[in-house]
Amino acid sequence: MTRIDFYHLQKNSVEQVLPKLLEKAYVSGNKVLVKIGNEARVEFLNTALWTYEDKSFLPHGSGRDGNAELQPIWLTAGEDNPNGATMLFLVDGARVDIEKLQDFSRVFNLFDGGSDESLVQARDFWKQIKTSGGECFYWQQDEAGRWQQKA
């Protein structure tokens, strides 16, 4: 079964955390699909990824940009995987069917610790994965904002 990492955002926003995680995924040579809760946020994050740091370059695109098959990182609110990604990031409440998890070698679920709705959704997703025999890992930020794996 696919490895699923849950990132409990407490100190930083998706806009701060996602680029750093995507940098690591990009350097690994894997193609990435970022599934986002709604289309408006797709374009917001698409723009944010171009401007999050002055000296950074993170090649990516969305439906507005086209050429999905050429993009190492693809942002969408849809169900498709047009760039053939092997890594999946779920943000802003995006959901995926448990059966589709096997299409990816790794899944990252980023959720807002300040939102009761996000917490409930993350817990439900965790339970579904565990019930189906999946491998889950939970990461939480410490006081300094560093990621700590929790049991």
Side-chain angles (χ1 to χ4, degrees), residues 1-98 100-115 118-119 121-123 125-126 129 134-151:
M1 178 105 200
T2 301
R3 175 185 170 131
I4 297 97
D5 290 276
F6 286 74
Y7 282 82
H8 187 161
L9 306 181
Q10 293 177 286
K11 301 285 181 193
N12 301 103
S13 68
V14 167
E15 294 84 356
Q16 294 167 310
V17 173
L18 183 62
K20 298 299 182 189
L21 292 174
L22 288 176
E23 283 176 351
K24 290 178 182 181
Y26 174 67
V27 169
S28 76
N30 291 291
K31 286 198 171 188
V32 177
L33 180 68
V34 182
K35 186 172 178 188
I36 302 166
N38 64 65
E39 201 59 48
R41 283 287 288 171
V42 168
E43 292 315 319
F44 176 82
L45 289 172
N46 190 13
T47 300
L49 289 175
W50 288 122
T51 60
Y52 72 97
E53 280 185 7
D54 289 341
K55 296 181 180 184
S56 65
F57 177 70
L58 194 57
H60 66 279
S62 69
R64 180 183 71 186
D65 304 312
N67 298 311
E69 66 282 354
L70 302 176
Q71 302 290 349
I73 300 170
W74 186 252
L75 286 70
T76 185
E79 298 296 323
D80 56 340
N81 183 4
N83 67 337
T86 57
M87 294 179 129
L88 173 65
F89 283 75
L90 300 169
V91 299
D92 290 343
R95 296 175 182 242
V96 64
D97 291 333
I98 297 295
K100 292 220 176 214
L101 295 177
Q102 66 188 355
D103 295 344
F104 301 93
S105 62
R106 194 128 177 234
V107 176
F108 302 82
N109 184 42
L110 283 63
F111 63 97
D112 180 0
S115 163
S118 291
L119 289 171
Q121 181 181 352
R123 285 183 189 121
F125 190 40
W126 178 284
I129 293 165
E135 185 178 24
C136 297
F137 296 87
Y138 176 73
W139 299 87
Q140 189 174 31
Q141 290 177 295
D142 64 16
E143 290 301 317
R146 292 181 303 258
W147 293 105
Q148 302 290 323
Q149 186 175 352
K150 301 289 183 172

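Surrounding CZ of Arg95 are at most 12 heavy atoms belonging to other residues, nucleotides or ligands under 6.0 Å away. Under a cut-off of 6.0 angstrom, the local environment of CD in Glu69 is crowded, with over 12 non-hydrogen atoms contributed by other residues, nucleotides or ligands.
Using a 4.5 Å heavy-atom threshold, the side chains of Asn81 and Asp103 count as separate. Side chains of His8 and Trp139 form no contact here, defined as non-hydrogen atoms less than 4.5 Å apart. Put simply, the side chain of Leu75 reaches to within 4.5 Å of the side chain of Leu49, judged on heavy atoms. When side chains are defined from C-beta on, Lys31 does not count as touching Trp74, because their heavy atoms never get closer than 4.5 Å. In this structure the side chain of Glu53 reaches within 4.5 angstrom of the side chain of Lys20, judged on heavy atoms. Glu43 is not listed as a side-chain neighbour of Thr47, based on a closest heavy-atom distance of 4.5 Å or more. Side chains of Leu45 and Val34 form no contact here, defined as non-hydrogen atoms less than 4.5 Å apart. Two residues are said to be in side-chain contact when any heavy atoms from C-beta on lie closer than 4.5 Å; Val32 and Leu22 meet this criterion.
Considering CD1 of Ile36 and OG1 of Thr76, their distance stands at 8.0 Å, rounded to 0.5 Å. To the nearest 0.5 angstrom, Leu18 atom CG is 12.0 Å from Asn12 atom CG. For the atom pair Glu23 CD and Tyr26 OH, the distance stands at 11.0 Å (nearest 0.5 Å). Interatomic distance, OG1 of Thr86 versus CZ of Arg106, reported as 11.0 Å (0.5 Å rounding). Rounded to the nearest 0.5 Å, atoms CZ (Phe111) and CG (Leu90) are 12.0 Å apart. Between atom CG of residue Asp5 and atom CG of residue Leu21 there is a gap of 9.0 Å, rounded to the nearest 0.5 Å.
Taking the centre of each ring, Phe6 and Phe125 come in below the 6.0 Å mark.
Across every non-hydrogen atom of Ile129 and Glu135, the tightest pair is CG2-N, 4.3 Å. Contact detail for Gly93 and Gln121: the closest heavy-atom pair is O-NE2, 3.0 Å. Between Gly114 and Asp112, the shortest heavy-atom distance links the atoms N-OD1, 2.8 Å. Here the closest heavy-atom approach between residue Lys35 and residue Ala94 is recorded as O-CB, 3.1 Å.
Of the possible donor and acceptor atoms, none in the side chain of Asn83 sits under 3.5 Å from a partner among the backbone N and O of Leu33. Side chain of Gln10 to backbone of Gln140: no donor-acceptor contact under 3.5 angstrom is found. For Thr2 (side chain) and Phe104 (main-chain N/O), a donor-acceptor pair under 3.5 Å exists by modelled atom type. A donor-acceptor pair is defined here as one N or O able to donate and one able to accept, closer than 3.5 Å; no such pair exists between the side chain of Asp80 and the backbone of Pro82.
Each of Tyr7, Tyr138, Phe108 was compared with Trp147 under the ring pair (Phe, Tyr, Trp, His ring centres under 6.0 Å) criterion, and only Tyr7 meets it. A side chain to side chain contact (heavy atoms under 4.5 Å, CB included) with Val91 is found for one member of Val17, Val14, Asn109, Val42 and no other, namely Val14.
Remark: the Asp65 side chain and the Gln71 side chain contain no N/O donor-acceptor pair separated by less than 3.5 Å.
Figure legend: Arg3 and Phe137 shown as a cation-pi pair, the cationic atom lying under 6.0 angstrom from the six-membered ring centre and within 45 degrees of its axis.
Using a 4.0 Å cut-off between charged side-chain N and carboxylate O, Glu15 and Arg41 make a salt bridge.
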